[in-house]
Q: 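Once you've had a glance at the structure underneath, I'll fire off some questions.
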Amino acid sequence: MGEERRTVRALLQCNLNDKMCLVQGEEYAVVIIPVLMVGTFLILLAVILWLFIKGQRSQQQRPGHRAIAPVPASRGLTWEAEGHGGKVAMPLTETSVESFLRTITPSLAKLQVPRDQVSEDLEQIHKGSCGTTYRATVISGDPAKPKSVVVKALKEPAGLQEVQDFVGRIQFYQYLGKHQNLVHLEGCCTERLPVYMLLEDVVHGDLLSFLWTCRRDVMTMDGLLYDLTEKQVYHIGKQVLLALEFLQDKHLFHGDVAARNILIQSDLTAKLCGLGLAYEVHALGAISTARAVPLKWLAPERLLLRPAGIRGDIWSFGILLYEMVTLGAPPYPEVPPTSILQYLQRGKIMTRPSTCTHTMYNIMKSCWHWSEDSRPLLGELRSHLEAAARTSDDKAVLQVPELVVPELYAAVAGLSVDSLSYCYSVL
Ligand SMILES: Nc1ncnc2c1ncn2[C@@H]1O[C@H](COP(=O)(O)OP(=O)(O)OP(=O)(O)O)[C@@H](O)[C@H]1O
């Protein structure tokens with residue numbers, strides 16, 4: 001206090017004998033010092049606020065070139081996404097499942113399929129992270145022409161958050177719209193529990209099962225020829241790249257590109273499925289830690305828990321080519337799944353399989369550059385595939401004599417045997 005008085009006296013240039021001046025100085029001290037303190041506090045507060053807002057903004061803008069879907073800016077009362085059918089809104093303030101479904105169902109009116117049109121005869125084809133997948137028929141209009149669909153049913157009992165998440169997945173399909181190489185949404189039943197998502201039925205199932213069946217003496221089944229040539233590997237690969245380009249145009253990535261997540265039709269049209277991870281990135285801005293993706297398909301940046309993007313899909317695409325050309329062998333057969341990061345850190349990649357041409361192996365290797373920026377862009381990769389397809393063999397059928405034992409495959413590949421959809425009866 002003595003120091004402050006001296007400062008005020010000096011400011012007012014008081015003579016030590018001038019009592020009036022000294023009293024006036026003390027009055028100044030009482031006013032000036034708190035004002036100075038409040039002023040300093042306000043300036044500090046403004047600086048802290050500015051730094052906080054700047055940090056928030058840069059977090060929302062990061063990191064465009066990695067194709068990470070931005071976190072939706074508005075996370076208040078509604079979650080909005082520009083869909084093909086306009087905006088869809090997810091009320092987040094509902095407190096019960098029933099009232100949430102009552103509020104959300106009108107916005108999905110165009111997609112609603114009356115529950116009584118879905119047959120009760122459900123054939124289970126997969127048990128996934130959020131529910132079970134069945135094959136069923138929908139009878140609408142002409143009863144003589146029932147339509148086969150795949151029904152994903154949310155597992156029960158389901159809490160509000162699980163229901164919101166499941167409906168979010170339906171809205172995500174709606175937002176994506178149609179693409180010939182992406183499995184598409186046929187409809188939904190959301191007016192009450194259990195909630196259903198209806199997808200187009202790609203009857204021949206997943207590519208991994210197809211590849212395993214190609215190892216056997218099966219010629220054709222339901223119009224699908226169980227033979228694969230090098231040219232067809234490029235044909236399937238190109239379609240997967242088209243689906244990934246479609247996702248990339250929407251600032252998304254797939255995150256789990258693998259033969260088990262590709263569905264195949266009798267004319268070898270390939271459709272990417274397993275969009276759960278793409279949905280999470282879209283809705284949450286990140287991949288949830290609860291989701292386990294088999295390590296052997298992941299790019300190094302994913303194994304190191306760094307931000308993921310479309311270049312990670314390109315790495316996995318290289319593994320997919322390996323899967324196709326080996327007719328569904330597990331990647332890195334000699335490496336335990338948990339040692340894959342150390343293996344890659346030593347600069348190692350998979351060697352050329354005996355059934356793989358040098359041209360195809362060079363394409364695989366281009367996908368397996370440690371540095372993301374050294375991997376080709378989707379469009380470049382597609383051009384490489386198209387060029388390779390022009391001179392590829394379309395006569396010699398790929399052959400691998402050993403049959404697959406699913407339990408062994410699951411252990412070597414590092415995934416649970418329950419996650420495989422292979423129908424054991426055809427083994
Ligand atoms: N539309 C479909 N037509 C035919 N089979 C399908 C279809 N959708 C899924 N399947 C089968 O179910 C399996 C699992 O599908 P999918 O990966 O979509 O389910 P999921 O595990 O619930 O995935 P996610 O949680 O990532 O959405 C596929 O490998 C395939 O065998």
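Just follow the structure's listing: the first ligand is 1, and inside any ligand the first atom is 1. The chain is numbered in sequence order, starting from 1. Here the structure is a predicted model, which is why all the values come from computation and not from measurement.
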Q: Write out the residue and atom name of the closest protein heavy atom to atom 29 (O) of ligand 1, then the distance separating them to 0.1 Å.
A: Arg260 O, 2.9 Å
Q: Which residue supplies the protein heavy atom nearest to atom 21 (O) of ligand 1, what is that atom called, and how far is it?
A: His126 NE2, 3.1 Å
Q: Quick check: Thr133 and ligand 1, any N/O pair under 3.5 Å apart?
A: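 There is no such contact.
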Q: Within 45° of the axis and under 6.0 Å from the centre of the six-membered ring of Tyr196, does NZ or CZ of Arg115 qualify?
A: yes
Q: Excluding sequence neighbours, so at least two apart, what forms side chain to side chain contact (heavy atoms under 4.5 Å, CB included) with Lys348?
A: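 With sequence neighbours excluded, Lys348 shows a side chain to side chain contact (heavy atoms under 4.5 Å, CB included) to Tyr343, Arg346, given in chain and number order.
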Q: Out of Gln265, Glu200, His254, whose heavy atom sits nearest atom 1 (N) of ligand 1?
A: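 Going through Gln265, Glu200, His254 one by one, Glu200 has the nearest heavy atom to atom 1 (N) of ligand 1.
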Q: So which of Gly276, Gly255, Ser419 gets nearest to atom 24 (P) of ligand 1, if we judge by its closest heavy atom?
A: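 Shortest heavy-atom distance from atom 24 (P) of ligand 1: Gly276.
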Q: Apply the side chain to side chain donor-acceptor pair (under 3.5 Å) test between Glu230 and each candidate in Thr359, Thr355, Thr357; give the one that qualifies.
A: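 Among Thr359, Thr355, Thr357, the one meeting side chain to side chain donor-acceptor pair (under 3.5 Å) with Glu230 is Thr357.
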Q: Take atom NZ of Lys231 as the centre, draw a 6.0 Å sphere, and report whether it contains more than 12 heavy atoms from other residues, nucleotides or ligands.
A: yes
Q: Under a plain distance cut-off of 3.5 Å, with no hydrogens placed, do Asp267 and Thr269 share a side-chain donor-acceptor pair?
A: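 There is such a pair (donor and acceptor under 3.5 Å, judged by atom type) between the side chains of Thr269 and Asp267.
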Q: Just to be sure I read this right, does ligand 1 sit under 4.0 Å from the backbone of Ile125, its side chain, both, or neither, counting only heavy atoms?
A: side chain
Q: Heavy-atom contact under 4.0 Å between His204 and ligand 1?
A: no
Q: Side chain, backbone, both or neither: which applies to Leu263 and ligand 1 if a contact is any heavy-atom pair less than 4.0 Å apart?
A: side chain
Q: How would you list all residue pairs meeting side-chain hydrogen bond (donor to acceptor under 3.5 Å, both in side chains) that involve residues 315-329, not counting sequence neighbours?
A: Trp297-Glu323
Q: Fit a plane to each ring of His282 and Tyr175, take the angle between them on a 0 to 90° scale, and name the class: parallel (under 30°), tilted (30 to 60°) or perpendicular (over 60°).
A: parallel
Q: So which protein heavy atom does atom 31 (O) of ligand 1 come closest to, and at what separation?
A: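 Answer, as residue, atom name and distance: Ser421 OG, 3.2 Å.
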Q: Can you list the ligand 1 atoms lying under 4.0 Å from a non-hydrogen atom of Val183?
A: 1 (N)
Q: Identify the protein heavy atom lying closest to atom 25 (O) of ligand 1, giving its residue, its atom name and the separation to 0.1 Å.
A: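 Of every protein heavy atom, Ser129 OG, 2.9 Å lies nearest to atom 25 (O) of ligand 1.
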Q: Check whether NZ of the Lys or CZ of the Arg Lys250 lies under 6.0 Å from the centre of the six-membered ring of Phe246 and within 45 degrees of that ring's axis.
A: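 Yes, a cation-pi geometry.
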Q: Using a 4.0 Å heavy-atom threshold (strictly under), name the region of Asn261 that reaches ligand 1: side chain, backbone, both or neither.
A: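 Looking at Asn261 and ligand 1, just side chain atoms fall under 4.0 Å.
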Q: Counting only heavy atoms, which portion of Val202 has something under 4.0 Å from ligand 1: side chain, backbone, both, or neither?
A: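 Both of them.
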Q: Using only heavy-atom distances, determine whether the side chains of His235 and Gln239 contain a donor-acceptor pair under 3.5 Å.
A: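 The criterion, which ignores hydrogens and geometry beyond distance, is satisfied for Gln239 and His235.
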Q: Considering Lys271, Lys152, Glu186 one by one, which has a heavy atom nearer to atom 27 (O) of ligand 1 than any of the others?
A: Lys152
